[in-house]
Peer 1: 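Take this structure, written in structure tokens, and hold onto it; I'll ask about it next.
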Amino acid sequence: MIDVRLLRTQPDALRAALARRHSAEVLAQLDRAIVLDGRTRDITARRDATRAEVNELSKQVGQLRRAGDTEGAEVLQKRSRALGDHEQLLDNEHDVLQRELNQLLLRIPNLPHPDAPDGTSDGDNPVIKGPVHLPDSFADHQRVPHWETAAALGILDNERATKISGAMFTMQRGLGATLSRALCQYALDRNADAFEEIRPPSLVTTATLTATGQLPKFADDAFAIERDGLWCIPTAEVPLTSLYAGEVLDAELLPMRLMAYSPSYRREAGSAGRDTRGMLRTHEFDKVEILAVTTPEQGAQMLPELLSRAEALIDGLGLPYRIIEICTGDLGQSHHRSFDIEVYAPGCDAWLEVSSVSWFSDYQARRADLRYKVAGQRGTHVANTLNGSALAVPRVWAAIVENFRRPDGSVAVPAVLHPYMRGAVSIEPRGVASR
RNA sequence: GGAACGGUGGCAGAGCGGACAAAUGCACCCGCCUUGAAAGCGGGAGGCCGCAAGGCCCGGGGGUUCGAAUCCCUCCCGUUCCGCCA
């Protein structure tokens with residue numbers, strides 16, 4: 001949520017910042033919010049004044065009664081009652097306005113960072129680094145889609161996954177399953193120097209999913225467990241961001257670095273039928289997320305740190321990759337500034353988004369009511385949050401199977417994963433490990 | 001799922017229709033004392049909205065009342081016991 005105070009103090013700057021998202025709808029929402037805020041404050045002032053009168057009268061009633069002046073007390077009670085009715089009307093009006101304003105504020109997106117490149121769609125996202133590790137050419141044995149290689153090796157069984165759970169679910173087997181887990185272990189171990197590992201719940205409340213920005217606007221993208229009022233998390237960002245929701249943190253604890261492995265669930269409502277083969281787009285996948293809670297000043301430093309940590313993981317695997325920056329027109333609702341890491345998959349002949357690193361400024365923290373307090377200073381401040389996929393398993397898994405496929409159809413396991421593969425350095429047909 | 005008891009400031013905990021933003025203790029901050037510290041003494045200090053006046057906040061929501069932390073309803077959460085269970 002953007003800061004309501006900006007609505008009255010800097011409406012023009014707000015409008016200019018949001019205009020960079022190139023959405024007429026957003027600007028219309030902003031104008032409506034400014035009007036609603038003005039009306040809300042006006043009605044609040046009138047309600048408060050009436051309340052103050054009622055409070056004062058009630059105090060006098062108490063005094064008169066104690067003094068034994070029943071008649072006088074009853075006269076004041078009558079006046080107080082009438083005022084109370086009026087206050088009730090004002091309060092109802094206030095609630096209606098406030099509710100409408102809140103609903104609107106939950107949908108107005110975050111302000112883009114001044115340095116975020118301008119653009120209208122993903123076609124305008126500039127490549128800011130790379131390609132790295134991209135060979136001049138790929139051999140024919142690398143131009144095989146991972147689902148074919150994986151089927152031949154017996155490490156992917158999507159037919160049975162679909163039988164069990166329906167379309168867009170996957171199942172890895174043998175060393176394929178081990179490889180998934182190895183990637184998670186690798187991502188966690190490489191960041192354990194600075195990040196506390198969390199194993200969060202995978203089901204969260206509506207309030208929790210609202211804090212990060214998925215609700216109310218993107219309800220269709222999430223799996224809901226309606227009977228219990230719970231939602232499946234689309235990313236560990238959701239529980240991690242809300243870990244300290246509603247709390248006031250001591251500034252000395254910041255920046256706070258957290259990481260978590262979790263399954264991630266996505267309905268992929270808008271993309272049914274797309275990328276349905278293999279592991280490119282699935283309803284459930286494994287991911288390791290890294291996240292930081294910071295002051296606004298620390299946020300600027302933390303963004304490159306998270307990006308370089310995510311990059312180091314991909315780099316360490318030896319996969320061809322590049323980094324793109326997200327332009328203002330393609331920036332997600334909650335995002336202030338954002339970068340994607342893409343890995344090249346020669347079998348699919350596609351750049352796959354495998355990581356997204358973002359700074360949310362105070363947008364999520366305000367929704368989560370996540371604040372910090374500086375010792376010796378009055379008042380509290382809204383924190384900043386940042387996060388990034390350290391490693392999203394399925395696409396990296398696919399890229400490994402395609403890039404490191406050998407002429408004989410086997411797949412070489414990147415050296416950094418050897419410690420997690422029970423000795424396997426290669427995946428051979430029928431999922432049998434060669435040693 | 002059933003029963004009982006709870007939910008008050010950073011923590012513990014009193015208050016149970018009016019003078020309550022709320023006792024008290026611990027923790028915290030600033031002085032004094034001390035070579036330094038502890039102890040002791042004195043003082044300070046919650047959050048949110050508002051330019052301010054003022055208003056709001058005792059788990060959430062609703063109700064009763066001139067007036068609610070206090071009474072009623074409802075939901076949520078916690079603890080313990082029972083049931084079920086990896």
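Just so we're clear, the structure is a prediction, and the values are computed from it rather than from any experiment. Proteins get letters first, then strands, A, B, ... in listed order; numbering begins at 1 in each.
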Peer 1: What is the separation between atom CG on A/L249 and atom P on B/rG10, rounded to the nearest whole Å?
Peer 2: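 Interatomic distance, CG of A/L249 to P of B/rG10: 13 Å.
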Peer 1: CZ of A/F195: more than 12 outside heavy atoms within 6.0 angstrom?
Peer 2: yes
Peer 1: Let's see if you can work this out: which of B/rG47, B/rG55, B/rC66 has an atom nearest to the side-chain heavy atoms of A/R47?
Peer 2: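 Out of B/rG47, B/rG55, B/rC66, the nucleotide with an atom closest to A/R47's side chain is B/rG55.
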Peer 1: With a 3.5 angstrom cut-off on both distances, give the Watson-Crick or G-U wobble partner of B/rG40, or none if there isn't one.
Peer 2: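 For B/rG40, the partner nucleotide comes out as B/rC32, under the 3.5 Å rule.
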Peer 1: Could you tell me the Watson-Crick or G-U partner of B/rA69, where both distances fall under 3.5 Å? Say none if there is no partner.
Peer 2: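 In the structure as shown, B/rA69 has no Watson-Crick or wobble partner.
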Peer 1: If you take all heavy atoms of A/A345 and A/L352, which pair is closest and at what distance?
Peer 2: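 Looking at all heavy atoms of both residues, the closest pair is CB-CD1, 3.8 Å.
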Peer 1: For atom P, what is the distance between B/rA12 and B/rU34, given to the nearest Å?
Peer 2: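 Approximately 38 Å lies between the P atom of B/rA12 and that of B/rU34.
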Peer 1: With rounding to whole Å, what would you report as the distance between B/rA21 and B/rC58 at their P atoms?
Peer 2: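 It works out to 12 Å between them.
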Peer 1: Would you measure the distance from the P atom in B/rG10 across to the matching atom in B/rG47 and give it in whole Å?
Peer 2: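 Nearest-Å result for B/rG10 against B/rG47 at atom P: 9 Å.
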Peer 1: Are A/H335 and A/F360 close enough that their ring centers fall under 6.0 Å?
Peer 2: yes
Peer 1: Return the nearest nucleotide to the side chain of A/D48; candidates are B/rG54, B/rG18, B/rC48.
Peer 2: B/rG54
Peer 1: Using only side-chain N and O atoms of A/N55, determine if any of them is under 4.0 Å from OP1 or OP2 of B/rG55.
Peer 2: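 Answer is yes, contact under 4.0 Å.
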Peer 1: Please tell me if A/R51 has a side-chain N or O lying less than 4.0 Å from either OP1 or OP2 of B/rG55.
Peer 2: no
Peer 1: Nearest-Å distance, CG (A/D369) to C1' (B/rC57)?
Peer 2: 13 Å
Peer 1: Do A/T328 and A/R20 get their side chains close enough for a donor-acceptor pair, meaning under 3.5 Å?
Peer 2: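 A/R20 and A/T328 do not have a side-chain donor-acceptor pair below 3.5 Å.
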Peer 1: Please classify the nucleic acid contact of A/S80 as base, sugar-phosphate, or nothing, using heavy-atom distances under 4.0 Å.
Peer 2: sugar-phosphate
Peer 1: The side chain of A/S58 is closest to which nucleotide in this list: B/rG67, B/rC48, B/rG54?
Peer 2: B/rG67
Peer 1: Rounded to whole angstrom units, what separation is found between the CZ atom of A/R41 and the P atom of B/rG55?
Peer 2: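 Distance check: A/R41 CZ to B/rG55 P gives 19 Å.
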Peer 1: For the side chain of A/R5, counting heavy atoms from C-beta on, which of B/rG55, B/rC49, B/rC48 is nearest?
Peer 2: B/rC49
Peer 1: Could you say whether A/L57 or A/E53 is positioned toward the 5' end of RNA chain B, judged by the nucleotide with the nearest heavy atom to each?
Peer 2: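 Per heavy-atom nearest nucleotide, the more 5' residue is A/E53.
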Peer 1: Quick one: label A/T44 by what it contacts on the DNA or RNA (base, sugar-phosphate, nothing), any heavy atom closer than 4.0 Å.
Peer 2: nothing
Peer 1: Measure CZ/A/R79 against P/B/rG67 and give the value in whole Å, please.
Peer 2: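 Those two atoms, CZ and P, are 15 Å apart.
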Peer 1: How are the rings of A/F223 and A/H283 set relative to one another: parallel (under 30°), tilted (30 to 60°) or perpendicular (over 60°)?
Peer 2: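 A/F223 vs A/H283 ring planes: perpendicular.
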Peer 1: Mind calculating the distance between CG (A/D69) and P (B/rC66) to the nearest angstrom?
Peer 2: 17 Å
Peer 1: Taking any strand in view, what nucleotide pairs with B/rA14 in a Watson-Crick or G-U wobble way, both distances under 3.5 Å?
Peer 2: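 By the stated definition (distances under 3.5 Å), nothing pairs with B/rA14.
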Peer 1: Output the rounded distance in Å from CD (A/Q63) to P (B/rC66).
Peer 2: 18 Å
Peer 1: Would you please confirm or rule out a distance under 4.0 Å between OP1 or OP2 of B/rC48 and any side-chain N or O of A/R371?
Peer 2: yes
Peer 1: Sticking with atom P, work out how far B/rC76 lies from B/rC66, rounded to a whole angstrom.
Peer 2: 32 Å
Peer 1: Would you call A/D42 and A/R39 a salt bridge, using N to O less than 4.0 angstrom?
Peer 2: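 A salt bridge is absent here (no side-chain N lies under 4.0 Å from a carboxylate O).
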Peer 1: Both distances below 3.5 Å, Watson-Crick or wobble geometry, any strand: find the nucleotide opposite B/rA3.
Peer 2: B/rU80
Peer 1: For the residue pair A/S264 and A/T235, what are the closest heavy atoms and their distance?
Peer 2: OG-CA, 3.7 Å
Peer 1: Roughly how many Å is it from CG in A/D95 to C1' in B/rG62, rounded to a whole number?
Peer 2: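 It works out to 12 Å between those atoms.
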Peer 1: For A/R46 and B/rA53, give me the distance from atom CZ to atom P, rounded to whole Å.
Peer 2: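 Rounded to the whole Å, the gap is 21 Å.
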Peer 1: Please state the P separation for the pair B/rA37 and B/rC28 - nearest whole angstrom.
Peer 2: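 Nearest-Å result for B/rA37 against B/rC28 at atom P: 15 Å.
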Peer 1: Taking atom C1' in both B/rA68 and B/rC16, compute the distance separating them and give it to the nearest angstrom.
Peer 2: 10 Å
Peer 1: With rounding to the closest Å, how many angstrom separate the P atoms on B/rA23 and B/rC11?
Peer 2: 16 Å
Peer 1: Tell me which of A/A45 and A/R81 sits closer to the 5' end of RNA chain B, going by the nucleotide each one is nearest to.
Peer 2: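 Taking each residue's closest nucleotide, the earlier one in sequence belongs to A/A45.
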Peer 1: Take atom P in B/rC56 and the same atom in B/rU70, then report the distance between them in whole Å.
Peer 2: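 Between the two P atoms, the distance is 15 Å.
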